[in-house]
Number of protein chains: 2
Amino acid sequence: MDSPDAAKRSGSDRITPRKYDSAGSRAALMSAAARCFGKYGYDGTSIRDIAKAADVDAALVYRYFGSKQGLFEAVAHHASALFEPLRHLPLEDVPDWILRLAFDGPGEDEIPHPVLTMLRSPSREEAVARLRSDVTEIFSEHFARRLDGPDAQVRAELLAAWALGMTLMRLAVQTPALSSVPDSAVLPYVRKAVDPLLRPCDEREETNRACRCGRGGE
Amino acid sequence: MDSPDAAKRSGSDRITPRKYDSAGSRAALMSAAARCFGKYGYDGTSIRDIAKAADVDAALVYRYFGSKQGLFEAVAHHASALFEPLRHLPLEDVPDWILRLAFDGPGEDEIPHPVLTMLRSPSREEAVARLRSDVTEIFSEHFARRLDGPDAQVRAELLAAWALGMTLMRLAVQTPALSSVPDSAVLPYVRKAVDPLLRPCDEREETNRACRCGRGGE
DNA sequence: GTCTATACTGTGATAGAC
DNA sequence: GTCTATCACAGTATAGAC
């Protein structure tokens, strides 16, 4: 944790106080902060941790972001950006999109999934509240209106639950199959499991429903 | 949070250093710790927070549990206890059980869901690792062996993902419908969505389908 | 713009009085 | 068994030198 070369000096020497590159320092801080907050949560990461990971002085956090909270706000992206496409997505594309929602996110070293960051930062109540309102607005309200039949809101939230569960199994629990397998191996099952949620009831056209296994495009 | 009667004195006075009730103090600490760790995570909870919530002196934590980590270990129950019934559960009962897994857990003020506690305590790496190994052992390994057809491990983990997603939508994201509706309103949809994961392929009763996947035995 | 030094608070942990 | 006092340190944050 405190290895001698932790600072990762630029090879030779470094008497000058780094380059004078405010934009670079700012970006480095934000990148490191996103990683740390996502991995260890808000309370589990200190300003010094972030600064060290960014190879930048800790005081710069306060210069550029005012406080630890300010930095968190700056890097805790709204989850709404992830969910936005659902607004105008044809219903038949929803299963595939749900799958990508869970599988497209970066792996481990890159910028972490915003939902994971918020779940791991329960003390940032505003961030959790924002996640709740984002999910509610897009799934429970907007998308539910596009669903025919009863219990539309429940079904819409079950859809979100499905995506959330797969995401966390991959990124947080890191279960062997889901975190290693390509999304193509999961797609058919997601399609079949999500499908009943999108239809009004069970079998409205039992003959036509037949087998979607063979077809389904691609 | 700091109301004058927060201490909840036993009615009249309290000059004596509480009752001499080691078992009671111990239990109060464990109960408060479970709540706090579940709500705010390991790093978001201090020993003094727990002691105050339990109306017990903070030093007793070290007397009874040795350290903060010790207390966490004592209250961070193995998730395996929750999953254990899956081992000998008839396949047709699995959908209902999955639902109860997500809906039976206590609401908000009682002892929180162990999975939520672990997700919110990323710095207790052993706890997270134990959750992973529990899920892996019971779902990916044991239960997957009971599933016919290909991709049994993926399907078993998708089942776990489904339960995890519903649980977190209710307890962490607190989405309006799922966190208020009774489980009976969700049951039919969970049944239909989970069902395809339990069967080898697509159709269950329609035998004359032109499904290219293997045949649905049974 | 960058870094050092430091103030101040909160935290985990311990010793010892009662 | 319970509680007070306290230590050593990590944490956020600020002031100011360079």
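Predicted model, so just to flag it, every value in this text is computed and none were measured. A note on names: the letters A, B, ... follow the listed sequences, proteins ahead of strands, and every chain is numbered from 1.
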Calculate the interatomic distance between [X] atom [atom1] and [N] atom [atom2]; express it in whole Å.
X: Q69(B); N: dA13(C); atom1: CD; atom2: C1'; value: 12 Å
X: L29(A); N: dT2(C); atom1: CG; atom2: C1'; value: 12 Å
X: R63(A); N: dA15(D); atom1: CZ; atom2: P; value: 13 Å
X: L60(B); N: dT4(D); atom1: CG; atom2: P; value: 11 Å
X: Y62(B); N: dG16(C); atom1: OH; atom2: C1'; value: 17 Å
X: R26(B); N: dT2(D); atom1: CZ; atom2: C1'; value: 16 Å
X: D57(B); N: dT14(C); atom1: CG; atom2: C1'; value: 13 Å
X: K52(B); N: dC3(D); atom1: NZ; atom2: P; value: 14 Å

What residues, two or more places apart in sequence or in another chain, satisfy side chain to side chain donor-acceptor pair (under 3.5 Å) together with [X]?
X: D183(B); answer: none
X: R26(A); answer: none
X: R146(B); answer: none

Short side-chain N/O contact to dG1(D) OP1/OP2 from S25(B), under 4.0 Å:
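For S25(B), the contact criterion (side-chain N or O under 4.0 Å from OP1 or OP2 of dG1(D)) is not met.
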May I ask you to verify if any side-chain N or O of S67(B) is less than 4.0 angstrom from the OP1 or OP2 atom of dG12(C)?
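For dG12(C), OP1/OP2 do not have a side-chain N/O of S67(B) under 4.0 Å.
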dG1(C), dC3(C), dG1(D): which one has an atom nearest the side-chain heavy atoms of Y20(A)?
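The closest nucleotide is dG1(C).
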Which nucleotide wins on minimum distance to the side chain of K68(B), given the candidates dA13(D), dA13(C), dC3(C)?
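It is dA13(C).
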Residues D195(B), R191(B): salt bridge by 4.0 Å N-O rule:
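Answer for the salt bridge query: no.
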Answer yes if the side chains of S140(A) and E157(A) hold a donor-acceptor pair under 3.5 Å, and no otherwise.
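Side chains of S140(A) and E157(A): pair found under 3.5 Å.
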Residues within residues 42-50 of chain B bordering DNA chain D, heavy-atom distance below 4.0 Å
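DNA chain D contact set from residues 42-50 of chain B: R48(B).
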Which donor-acceptor pairs under 3.5 Å do side chains of residues 69-85 of chain B form with protein atoms, sequence neighbours excluded?
from: Q69(B); atom 1: OE1; to: R124(B); atom 2: NH2; distance (Å): 3.0
from: H77(B); atom 1: ND1; to: V75(B); atom 2: O; distance (Å): 2.8
from: E84(B); atom 1: OE2; to: R87(B); atom 2: NE; distance (Å): 2.4

Can you give the donor-acceptor pairs under 3.5 Å from side chains of residues 56-66 of chain A to other protein atoms, not counting sequence neighbours?
from: D57(A); atom 1: OD1; to: A59(A); atom 2: N; distance (Å): 2.8

Which is true for Y64(B) with a 4.0 Å heavy-atom rule: it touches a base, it touches only sugar-phosphate, or it touches nothing?
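Sugar-phosphate only.
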